[in-house]
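In listed order, ligands and their atoms are each counted from 1.
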Amino acid sequence: MSVNKEFKKVSTQTFQDMKRNGEKIAMLTCYDYSIAKLVDSAGIDAILVGDSAANVMAGYETTLPITVDEMIYYAASVVRAAKRAMVVVDMPFGSYQGDAKAAVHNAVRIMKETGAQAVKIEGGIEIEDSFKAILSAGIPIMGHLGLTPQSINKFGGYGLRAKEDAEAQLLLENAKLLEKLGCFSVVLEKIPANLAKQVTDSLTVPTIGIGAGNVCDGQVLVLQDMLGINEGFKPKFLRTYANLAEYIRGAVSNYVSDVKSLDFPNENEQY
Ligand code: KIV
């Protein structure tokens with residue numbers, strides 16, 4: 001259980017070792033340099049530059065509008081900060097579906113222009129050719145099954161996935177396919193915990209859960225959600241570790257009063 005203790009860059013091999021040794025993988029999303037520095041120094045194993053940046057950084061309702069260029073900007077900022085954590089970058093909607101050549105072109109751009117260690121893509125057998133093309137370029141892929149937010153218009157909502165046997169069976173088959181193709185890990189989002197256990201037990205590569213119970217080999221959360229910045233978002237699977245919304249609002253409101261009352265800056269805070 002010692003693979004995570006030394007100060008060595010986390011790699012796909014570390015992920016494999018952690019699964020084998022039973023050490024859970026802790027992953028969070030992050031999109032900027034300053035926060036990534038804090039997250040990295042707090043001992044996170046992997047940082048996901050998620051396309052959830054579309055929601056939490058840019059205020060879009062879905063993840064669909066974010067572009068490859070925007071993901072590269074966020075990811076390069078995070079990579080400059082991450083000394084130990086592995087950085088995984090989401091390929092955005094439209095950058096890998098349907099055209100394997102475009103998929104590898106976009107994945108290569110992300111790797112070249114950010115310095116990240118891996119990309120993440122949503123889906124299974126329907127995008128098998130894109131998986132193959134990206135993997136053949138030597139780019140590690142983290143898969144993503146279950147609730148895949150880029151398919152929100154197909155699903156019609158963000159509810160629990162794979163409740164029914166047919167969808168659960170397909171998910172299990174897709175997970176096995178991703179491992180066979182060479183993905184180094186698979187995110188399982190918002191699926192029943194017993195299905196996540198079945199998938200986790202069937203794979204030799206680690207599963208990373210979000211709303212998928214504690215049997216997964218690791219966990220991921222959106223940073224703004226777990227820090228309590230994203231007020232009003234309180235799904236059952238989320239644990240909030242801070243109430244930064246209240247804290248930040250309090251600090252800003254104190255600053256506003258200090259400026260207005262001429263308390264700031266005082267004599268010691270001027271030249
Ligand atoms: O974009 C994202 O933040 C994600 C996680 C929720 C897994 O894909």
>> side chain to side chain contact (heavy atoms under 4.5 Å, CB included) for V89 and M71? Distances and angles first, verdict last.
In response: CA-CA 8 Å; V89 184; M71 289 304 299; 4.1 Å; yes
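Applying the side chain to side chain donor-acceptor pair (under 3.5 Å) definition to pairs two or more places apart or across chains, those involving residues 223-232 are D225-N230, E231-R249.
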List below, pair by pair, the N or O atoms of ligand 1 and of the protein that are less than 3.5 Å apart, including the distance to 0.1 Å; reply 'none' if no pair qualifies.
from	atom 1	to	atom 2	distance (Å)
ligand 1	1 (O)	D51	N	3.2
ligand 1	1 (O)	D51	OD1	3.0
ligand 1	1 (O)	S52	N	3.1
ligand 1	1 (O)	S52	OG	3.2
ligand 1	1 (O)	D90	OD2	3.1
ligand 1	3 (O)	S52	OG	2.5
ligand 1	8 (O)	K120	NZ	2.9

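The ring pair (Phe, Tyr, Trp, His ring centres under 6.0 Å) check on F93 picks up nothing, with sequence neighbours excluded. For F131, there are no ring pair (Phe, Tyr, Trp, His ring centres under 6.0 Å) partners two or more places apart in sequence or in a different chain.
At a cut-off of 3.5 Å, with distance as the only test, a side-chain donor of Q13 or D17 sits close to an acceptor on the other residue. Side-chain polar atoms of Q150 and Q97 form a donor-acceptor pair below 3.5 angstrom.
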